[in-house]
Novice: 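Before anything else, here's the structure in question.
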Amino acid sequence: MRIYNTLTRSVEELEPIEPGHVRLYTCGPTVYDYAHIGNFRAYVWEDLLRRTLKLLGFRVTQVMNITDIEDKIIKKMNDEGLTLDQATRPYIDAFFEDIETLRIERAEHYPRATDHIEEMLEITAALEKRGLTYESQGSLYFKIDAFEGYGRLSNLDNREVKSGARVDSDEYDKDDARDFVLWKGHREGEVSWPSPYGEGRPGWHLECSAMSMKYLGESFDLHTGGVDNIFPHHENEIAQSEGATGKPFVRYWMHAAHLMVDGEKMAKSKGNFYTLRDLLEKGHAPRAIRLLLLGTYYRGPLNFTFEGLAKATSEVQRLDDMVVRLEREPAGADGNDEDFDSRVAARVDEFKQALANDLNISSALGAVFGTVREVHQALDKGELPSGSRETLAGAMDVFHSVLDLAADTDAGLDAEIEALIEQRNEARKARNFAESDRIRDELTARGILLEDTPQGTVWKRKL
RNA sequence: GGCGGCGUGGCCAAGUGGUAAGGCAGAGGUCUGCAAAACCUUUAUUCACCGGUUCGACUCCGGUCGCCGCCUCCA
């Protein structure tokens with residue numbers, strides 16, 4: 001498995017600390033609102049990463065944090081008079097519903113920041129002991145000058161950061177504008193926890209250090225997030241973690257580029273802001289949304305358009321149609337078409353190789369659609385013997401172990417719709433095509449598409 | 001200004017020293033009562049631009065232009 005490591009700015013072979021076992025930390029949601037499709041681009045990509053690692057034989061232990069204490073949450077509590085739990089629970093629940101909708105595989109751990117205040121304070125204590133902090137007006141800060149190597153991830157050494165040039169937007173007192181807050185002193189009307197520095201709450205970066213190290217160890221393999229997290233979030237995590245333990249924190253960092261909408265940054269003010277729920281309400285299929293978010297190389301921007309979503313819908317439909325065709329054209333012969341089998345085997349290999357090369361999903365999808373074509377060609381020429389169908393089923397299992405785009409098994413048609421199809425076939429037999437077309441149109445309007453094949457009329461649900 | 005990423009057909013998008021995958025959309029054909037699906041044919045002498053290295057570059061090097069992101073709490 002080769003991956004692009006932000007830390008070294010090059011593609012490297014992934015070599016976990018414990019051979020064969022990847023410990024993965026993925027930055028998760030801040031639960032003050034519904035996650036938007038840009039967030040899901042990152043989560044779907046992380047799902048691709050996780051599933052690819054497993055396909056390639058790695059065991060994966062993944063942690064995704066839930067940030068349930070943060071400025072925007074506090075604002076929501078105060079604006080709407082809610083408790084912390086009332087403010088965050090609906091969005092935590094929505095998040096889990098949404099990842100299920102998108103078929104994002106569950107991580108092993110979803111720790112919440114507010115459940116790990118103790119672990120965070122252990123880190124600040126360690127940092128204090130090493131002289132990397134200072135207190136000011138009830139808040140604790142990380143002293144960047146005292147930590148050697150700050151800025152490695154984001155190339156900050158080469159930046160022109162002018163100390164003190166920027167007014168501190170948080171209105172907390174810092175010695176140096178670049179220093180960041182570990183623990184925020186209590187302010188009127190804010191939730192707080194006791195600490196050696198007085199009542200207060202954790203700074204944003206601290207939770208990820210505390211929770212990643214608790215579940216994955218002081219040194220672990222892989223940490224991911226959106227590119228916007230490189231600085232300051234991940235840079236500060238490194239400083240806090242390594243400052244506290246004296247050990248290397250994370251070996252590989254991966255970052256996904258942003259999603260854009262119609263070529264522009266998605267923003268509520270531009271009216272191009274979508275949550276997953278918005279798209280579902282417009283009638284778009286979850287699998288199509290998943291494929292759209294999955295289908296672009298993660299290091300490049302993903303331009304979300306409804307045209308692109310329509311394309312993804314067609315592609316999912318093409319995958320479904322192949323399955324339907326195989327069902328209605330049963331194998332008439334035993335044995336194998338060895339030529340077919342070897343071509344499919346080559347596609348599976350191509351699929352794995354592509355993903356192993358820094359998650360080259362476009363190339364991997366090329367292998368999948370190439371397989372679909374092989375199948376149709378084989379069926380057109382004659383039949384596909386049962387042994388080769390098993391070969392194909394195995395290949396599709398490999399593809400879907402990562403893509404997870406197979407149709408749910410359908411419970412079957414309502415009796416009423418079944419009756420309509422029967423009526424239509426009666427009309428067709430009587431060559432009453434006006435009537436048969438009317439019934440077909442009616443079913444189309446209800447989302448049922450019909451196809452008349454040599455094996456009879458088959459139907460499918462419109463995606 | 002600094003840092004990072006990206007620029008390939010109508011659109012999305014692989015490839016990467018040896019002559020451009022795949023998908024979507026379009027056109028024509030086969031099949032069909034008509035459709036749909038599927039298959040076949042067809043759409044880049046060309047990979048932002050300009051130089052250089054090379055027998056040969058989209059691919060390496062240098063430069064230019066353009067787009068996007070980050071530069072203190074946005075995935």
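Below, chain A is the first sequence line, B the second, and so on; all start at residue 1. Keep in mind it's a predicted model, so treat the numbers as computed, not measured.
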Novice: Is R318(A) close enough to C39(B) that one of its side-chain N or O atoms is under 4.0 Å from OP1 or OP2 there?
Specialist: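 Indeed, a polar side-chain atom of R318(A) lies that close.
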Novice: Mapping C27(A) and R299(A) to their closest nucleotides on RNA chain B, which lands nearer the 5' end?
Specialist: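 The residue whose closest nucleotide sits nearer the 5' end is R299(A).
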Novice: For W204(A), which residues count as a ring pair (Phe, Tyr, Trp, His ring centres under 6.0 Å) partner, sequence neighbours excluded?
Specialist: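 Expected list: H233(A).
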Novice: Please report the distance separating the P of G62(B) from the corresponding atom of C6(B), rounded so that it comes out in whole Å.
Specialist: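 Those two atoms are separated by 15 Å.
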Novice: With sugar-phosphate meaning primed atoms plus P, OP1 and OP2, does H255(A) contact a base, only sugar-phosphate, or nothing at under 4.0 Å between heavy atoms?
Specialist: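 No contact at all - H255(A) keeps every heavy atom at 4.0 Å or more from the nucleic acid.
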Novice: Once ring pair (Phe, Tyr, Trp, His ring centres under 6.0 Å) is applied, do any residues pair with F147(A), and if so which ones, sequence neighbours excluded?
Specialist: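 With sequence neighbours excluded, F147(A) shows a ring pair (Phe, Tyr, Trp, His ring centres under 6.0 Å) to F142(A), given in chain and number order.
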Novice: Measure from CD1 on I73(A) to P on C74(B) and round the result to the nearest Å.
Specialist: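 Atom-to-atom, I73(A) to C74(B), this comes out as 11 Å.
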Novice: With sugar-phosphate meaning primed atoms plus P, OP1 and OP2, does D228(A) contact a base, only sugar-phosphate, or nothing at under 4.0 Å between heavy atoms?
Specialist: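 Base contact - D228(A) has a heavy atom under 4.0 Å of at least one base atom.
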Novice: The side chain of H36(A) is closest to which nucleotide in this list: A75(B), A13(B), C39(B)?
Specialist: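 Comparing A75(B), A13(B), C39(B) against the side chain of H36(A), the answer is A75(B).
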Novice: Can a side chain N or O of R373(A) be found less than 4.0 Å away from OP1 or OP2 on C40(B)?
Specialist: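 Answer yes for this pair, as a side-chain N or O of R373(A) is under 4.0 Å from OP1 or OP2.
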Novice: Between A364(A) and H376(A), which has a closest nucleotide on RNA chain B that is more 5'?
Specialist: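 Checking each residue's closest nucleotide, the 5'-ward one belongs to A364(A).
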Novice: Can you tell me how far C1' in U19(B) sits from the matching atom in U45(B), rounded to whole Å?
Specialist: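 Those two atoms are separated by 10 Å.
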Novice: For U8(B) and G22(B), measure between their C1' atoms and round to the nearest Å.
Specialist: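 After rounding to an integer number of Å, I get 14 Å for this pair.
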Novice: Can you tell me how far P in A37(B) sits from the matching atom in C11(B), rounded to whole Å?
Specialist: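 Comparing P positions in A37(B) and C11(B) gives a spacing of 24 Å.
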Novice: Side chain to side chain contact (heavy atoms under 4.5 Å, CB included) with A146(A): which residues, sequence neighbours excluded?
Specialist: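 Here the qualifying residues are L132(A), K143(A).
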Novice: Using the C1' atom on both, measure C39(B) against A44(B) and round to a whole Å.
Specialist: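 Straight-line distance between the two C1' atoms is 24 Å.
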Novice: Within the 4.0 Å heavy-atom criterion, would you say M322(A) contacts the bases, only the backbone, or no part of the nucleic acid?
Specialist: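 If one applies the 4.0 Å heavy-atom cut-off, M322(A) turns out to touch nothing in the nucleic acid.
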Novice: Output side-chain donor-acceptor pairs under 3.5 Å for residues 37-46 of chain A, partner residues at least two apart or in another chain, one line each.
Specialist:
{"unit_1": "N39(A)", "atom_1": "ND2", "unit_2": "H36(A)", "atom_2": "NE2", "d": "3.4"}
{"unit_1": "R41(A)", "atom_1": "NH1", "unit_2": "A257(A)", "atom_2": "O", "d": "2.9"}
{"unit_1": "R41(A)", "atom_1": "NH1", "unit_2": "G300(A)", "atom_2": "O", "d": "3.1"}
{"unit_1": "R41(A)", "atom_1": "NH2", "unit_2": "Y297(A)", "atom_2": "O", "d": "3.1"}
{"unit_1": "R41(A)", "atom_1": "NH2", "unit_2": "G300(A)", "atom_2": "O", "d": "3.2"}
{"unit_1": "E46(A)", "atom_1": "OE2", "unit_2": "T224(A)", "atom_2": "OG1", "d": "2.9"}

Novice: Can you name the salt bridge (Lys or Arg N to Asp or Glu O under 4.0 Å) partners of D339(A), sequence neighbours left out?
Specialist: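 By the salt bridge (Lys or Arg N to Asp or Glu O under 4.0 Å) rule, D339(A) matches R343(A).
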Novice: Please enumerate all residues that pass ring pair (Phe, Tyr, Trp, His ring centres under 6.0 Å) together with Y252(A), with sequence neighbours excluded.
Specialist: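 For Y252(A), no residue satisfies ring pair (Phe, Tyr, Trp, His ring centres under 6.0 Å) once neighbours in sequence are set aside.
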Novice: Holding to salt bridge (Lys or Arg N to Asp or Glu O under 4.0 Å), I want the full list of residues that pass it with R318(A), two or more places apart in sequence or in another chain.
Specialist: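 Applying salt bridge (Lys or Arg N to Asp or Glu O under 4.0 Å) to R318(A) gives none.
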Novice: Using a strict threshold of under 4.0 Å (side-chain N to carboxylate O), is an ion pair present between D47(A) and R290(A)?
Specialist: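 Salt bridge flag = yes for D47(A) with R290(A).
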Novice: Heavy-atom contacts under 4.0 Å between residues 94-105 of chain A and RNA chain B, which residues?
Specialist: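 Output list: empty, so none.
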Novice: Expressed in angstrom and rounded to an integer, what is the separation of E307(A) atom CD from A13(B) atom C1'?
Specialist: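 One finds 14 Å between C1' of A13(B) and CD of E307(A), rounded.
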Novice: Wobble G-U and Watson-Crick pairs count when both distances are under 3.5 Å; given that, what is the 5' to 3' dot-bracket string of RNA chain B, with | for pairing to other strands?
Specialist: (((((((..(((.....[...))).(((((.......))))).....(((((..]....))))))))))))....
Novice: So how far is it from N303(A) CG to T296(A) OG1, rounded to the nearest 0.5 Å?
Specialist: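 Result: 9.0 Å between the selected atoms.
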Novice: Say you pick atom C1' in U64(B) and the same atom in A25(B); how far apart are they, in whole Å?
Specialist: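 After rounding to an integer number of Å, I get 35 Å for this pair.
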Novice: Any side-chain N or O of K72(A) under 4.0 Å from OP1/OP2 of C74(B)?
Specialist: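 Yes, within the criterion.
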Novice: Scan N39(A) against the nucleic acid and name what it touches under 4.0 Å (heavy atoms): base, sugar-phosphate only, or nothing.
Specialist: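 Here N39(A) touches the bases of the nucleic acid.
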Novice: Can you confirm if the NZ or CZ of R299(A) lies within 45° of the ring axis of Y4(A) and under 6.0 Å from the centre of its six-membered ring?
Specialist: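 Satisfied, under 6.0 Å and within 45°.
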Novice: Heavy atoms under 4.0 Å, any strand shown: does G38(A) hit a base, just sugar-phosphate, or nothing?
Specialist: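 Answer is base: heavy atoms of G38(A) come under 4.0 Å of a base.
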Novice: Would you mind classifying the nucleic acid contact of L379(A) as base, sugar-phosphate or nothing, using non-hydrogen atoms under 4.0 angstrom?
Specialist: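 It contacts nothing in the nucleic acid.
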Novice: Which nucleotide in the list G22(B), A14(B), C40(B) gets nearest to the side chain of S363(A)?
Specialist: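 Minimum distance to the S363(A) side chain belongs to A14(B).
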Novice: If you measure from the P atom in U30(B) to the same atom in A14(B), how many Å do you get, rounded?
Specialist: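 Taking atom P in both U30(B) and A14(B), they lie 37 Å apart.
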Novice: At less than 4.0 Å, is any side-chain N or O atom of Y4(A) found next to OP1 or OP2 of G4(B)? Yes or no.
Specialist: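 For G4(B), OP1/OP2 do not have a side-chain N/O of Y4(A) under 4.0 Å.
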Novice: Applying salt bridge (Lys or Arg N to Asp or Glu O under 4.0 Å), name anything that partners D93(A), two or more places apart in sequence or on another chain.
Specialist: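 In terms of salt bridge (Lys or Arg N to Asp or Glu O under 4.0 Å), with neighbours along the sequence ignored, D93(A) is linked to no residue.
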Novice: Let me have a per-nucleotide readout for nucleotides 30-35 of chain B, 5' to 3', with B, S or -, counting only protein heavy atoms under 4.0 Å.
Specialist: ---BBB
Novice: Under 4.0 Å from OP1 or OP2 of A36(B): is there any side-chain N or O of Q317(A) that close?
Specialist: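 No, because none of the side-chain N or O atoms of Q317(A) sits under 4.0 Å from OP1 or OP2 of A36(B).
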Novice: Does N360(A) have a side-chain nitrogen or oxygen under 4.0 Å from the phosphate oxygens OP1 or OP2 of G15(B)?
Specialist: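 Indeed, a polar side-chain atom of N360(A) lies that close.
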Novice: Using a 4.0 Å heavy-atom cut-off across all strands, classify F40(A) as base, sugar-phosphate, or nothing.
Specialist: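 Result for F40(A) = nothing.
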Novice: Are T457(A) and N425(A) linked by a side-chain donor-acceptor pair shorter than 3.5 Å?
Specialist: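 Yes.
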Novice: Under 4.0 angstrom, heavy atoms only, what part of the nucleic acid is F304(A) near: base, sugar-phosphate, or nothing?
Specialist: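 No contact.
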Novice: Taking the C1' atom in each of A57(B) and A48(B), what is the distance between them to the nearest angstrom?
Specialist: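 A57(B) and A48(B) have their C1' atoms separated by 16 Å.
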Novice: Name the nucleic acid region contacted by K265(A), choosing base, sugar-phosphate or nothing; use a 4.0 angstrom heavy-atom cut-off, strictly under.
Specialist: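 Touches a base.
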Novice: Look at all strands and tell whether E70(A) reaches a base, only sugar-phosphate, or nothing, counting heavy atoms closer than 4.0 Å.
Specialist: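 Sugar-phosphate, backbone atoms only, no base.
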Novice: Tell me, please, whether Y32(A) has K72(A) positioned over its six-membered ring: NZ or CZ under 6.0 Å from the ring centre and within 45 degrees of its axis?
Specialist: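 That pair qualifies as a cation-pi contact.
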Novice: Among all residues two or more places apart in sequence or in another chain, which pass the ring pair (Phe, Tyr, Trp, His ring centres under 6.0 Å) test with H109(A)?
Specialist: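 Once residues adjacent in sequence are excluded, the partners of H109(A) under the ring pair (Phe, Tyr, Trp, His ring centres under 6.0 Å) criterion are Y215(A).
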